[in-house]
Each structure stands twice: as structure tokens, then as C-alpha cells.
Amino acid sequence: MSPQFVIVAIAILATMGLAVSRAVVGPTVFDRILAANTFGTKTVLLIAVVGYLTGRPDFLDLALVYALINFIGVIAALKFIKFGHFADHRSESNR
Amino acid sequence: MTLALDLVSWACLMLGAAFVVIGGIGLVRMPDFFTRTHPAGLTDTLGAGLILVGLMIESGWSLNLAKLAMILIFLLFTSPTASHALAHAALVSGLKPWTKPGADSEQNRSKP
């Protein structure tokens with residue numbers, strides 16, 4: 001039951017290594033966010049596959065939550081780069 | 001019957017693993033940010049999709065199937081959105097798409 005999961009897990013780990021190398025080398029900050037996004041998606045897959053490898057299917061909840069958080073993280077990073085801050089300090093002070 | 005399902009599950013998992021690695025290699029080799037979004041998108045949708053379908057076949061009719069379907073649907077909705085937001089932010093911040101050095105002929109320059 002498990003040999004195919006080992007192969008898939010190794011393939012996913014290899015891709016994560018490539019994504020980290022792209023994140024380190026990436027000239028622009030957007031390459032780094034792209035690499036982080038790919039890394040996050042592969043983490044989702046790795047959690048699911050390892051969950052099946054070790055016979056613990058409740059890992060799928062972790063994978064789902066991680067997919068949600070990864071998406072939020074990418075959008076937050078983009079907003080931070082686009083506007084330089086997360087919330088407008090002035091609007092908070094005079095509200 | 002289960003042998004057939006196992007074979008299909010194996011095939012999906014191996015194809016998914018292959019596409020994931022191909023996407024990873026593409027992520028490193030592509031010359032420019034905009035060309036890199038293609039392999040990144042490739043791994044997000046096809047690689048992840050095939051691996052999750054392989055796991056779905058493996059789990060049969062159970063709660064795991066529902067959870068895997070949720071993950072797959074969510075990934076298929078969010079990764080294109082994230083890629084679009086990323087490319088839009090890059091374009092707005094003035095990152096110009098890469099053109100092949102030799103192809104800067106008259107025909108290309110007319111494009112906006």
C-alpha cells in the first residue's frame with residue numbers, strides 16, 4: 001500500500017527543494033512569492049500523502065487548513081508589497 | 001475490481017508526481033518571472049489534481065474522499081486567483097515581460 005506514497009513524497013520533496021532554490025535565487029520579490037506559493041501548495045500535498053503513508057487519514061484536515069492559510073499568506077504578501085503597509089495608520093487613529 | 005482501482009490510483013499518483021517535478025524544474029529554468037508563472041500554475045493544478053485524484057481513488061467511498069474533494073476544489077479555485085493577483089501586482093509594479101533577445105525585430109516593436 002505504501003511504496004507509491006514514498007515515491008510521490010520524494011517527488012514532492014524534490015519540487016520543494018527546487019522551489020526553495022528559486023526563492024533564494026529569484027531576482028525579483030515576485031519570484032520569491034511565487035516560489036513560496038508553490039512551496040505552500042506542495043506542503044498541502046505532502047501532508048496529505050504522508051497522512052496516507054502513515055495510515056492517519058485525519059491529516060487531510062491539516063492539509064485543507066494549510067491550503068486556506070497559504071492562499072491568505074500570498075494575498076497578504078502581495079498587498080504588503082503593493083501598498084507598503086497592511087492597514088492605513090491614519091484611518092485607524094481618527095476612527 | 002480493486003486491482004483495476006489500484007492500478008488507476010498508481011497511474012494517477014505517478015503522473016501527478018511526474019508533473020509536480022516537471023513544474024519544479026520549469027520553475028527554476030524559465031528565464032523570466034512571467035514565464036515562471038506557467039510551470040508554477042502547472043504544478044498547482046495538474047500535479048496537485050492528479051495526486052489528489054490518486055489519493056481519492058485509494059480512499060474509496062469515505063469521509064477522506066469528501067475531504068480530498070474539498071482540498072482539490074479549494075486548490076482549483078485559489079491557485080489561479082493567486083497567480084493572477086501575483087502577475088497583476090508584478091505588471092503594475094513595472095516588471096516588463098521577457099522577449100527573446102533575437103526577436104526584437106520591427107514586427108515585435110509594434111506591439112504595445
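These figures come from a predicted structure and were not determined experimentally. All heavy atoms count here, side chains included; hydrogens, waters and symmetry mates do not. First the proteins, then the strands, lettered A, B, ... as listed; each starts at 1.
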For this session: Kindly determine whether A/Leu18 and B/Leu27 satisfy side-chain contact (heavy atoms from CB on, under 4.5 Å), including the steps that lead there.
Result: CA-CA 8 Å; A/Leu18 290 169; B/Leu27 199 66; 5.9 Å; no
Exercise. Hey, mind stepping through B/Val28 and A/Ser21 against side-chain contact (heavy atoms from CB on, under 4.5 Å) and telling me if it holds?
Worked result: CA-CA 8 Å; B/Val28 170; A/Ser21 70; 3.6 Å; yes
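In this structure, the separation between CZ on A/Phe30 and NE2 on B/His88 is 10.0 Å, given to the nearest 0.5 Å. Annotation: the span from A/Leu64 atom CG to B/Lys67 atom NZ amounts to 9.5 Å, rounded to 0.5 Å. In this structure, CG in A/Asp61 is found 11.5 Å from CE in B/Met70, a value given to the nearest 0.5 Å. From B/Phe34, atom CZ reaches atom OG1 of A/Thr28 across 8.5 Å, with rounding to the nearest 0.5 Å. Here the straight-line distance linking atom CE of B/Met30 with atom CZ of A/Arg22 works out to 11.0 Å at 0.5 Å rounding.
By number of non-hydrogen pairs under 4.5 angstrom with chain A, the leading residue of B/Leu55, B/Ile22, B/Val21 is B/Leu55.
Residue contact with chain A, scored on non-hydrogen atoms closer than 4.5 Å, is absent for B/Ser62. With a 4.5 Å cut-off on non-hydrogen atoms, B/Ile25 touches chain A through its backbone and its side chain both. Residue contact with chain B, scored on non-hydrogen atoms closer than 4.5 Å, involves the backbone and the side chain of A/Leu68 alike. Using a 4.5 Å cut-off between heavy atoms, A/Lys42 touches chain B through its side chain atoms alone. In this structure, chain A has heavy atoms under 4.5 Å from both the backbone and the side chain of B/Thr78. For A/Leu45, the part lying near chain B is the side chain, with the backbone staying farther off; criterion is any non-hydrogen pair under 4.5 Å. Both the backbone and the side chain of A/Val8 come within less than 4.5 Å of a heavy atom of chain B. Only the side chain of B/Ile51 comes within contact range of chain A, with at least one heavy atom under 4.5 Å from a heavy atom of that chain. Residue B/Leu75 touches chain A through its side chain alone, counting heavy-atom pairs closer than 4.5 Å. Using a 4.5 Å cut-off between heavy atoms, A/Val29 does not touch chain B at all. Interface remark: A/Leu34 contributes backbone and side-chain atoms alike to the contact with chain B (heavy atom separation under 4.5 Å). Using a 4.5 Å cut-off between heavy atoms, A/Leu78 contacts chain B through its side chain alone, with no backbone atom that close.
Considering only heavy atoms from C-beta on, A/Asn37 comes within 4.5 Å of B/Asp44 through its side chain. No side-chain heavy atom of A/Tyr52 sits under 4.5 Å from any side-chain heavy atom of B/Leu13.
Counting all heavy atoms, side chain and backbone alike, A/Thr15 lies closest to B/Gly24 at CG2-CA, 3.7 Å. Of all heavy-atom pairs between B/Val20 and A/Ala11, the closest is CG1-O, 4.3 Å.
Taking the six-membered ring where tryptophan is involved, the planes of A/Phe71 and B/Phe74 are perpendicular, since the angle between them exceeds 60° and thus also 30°.
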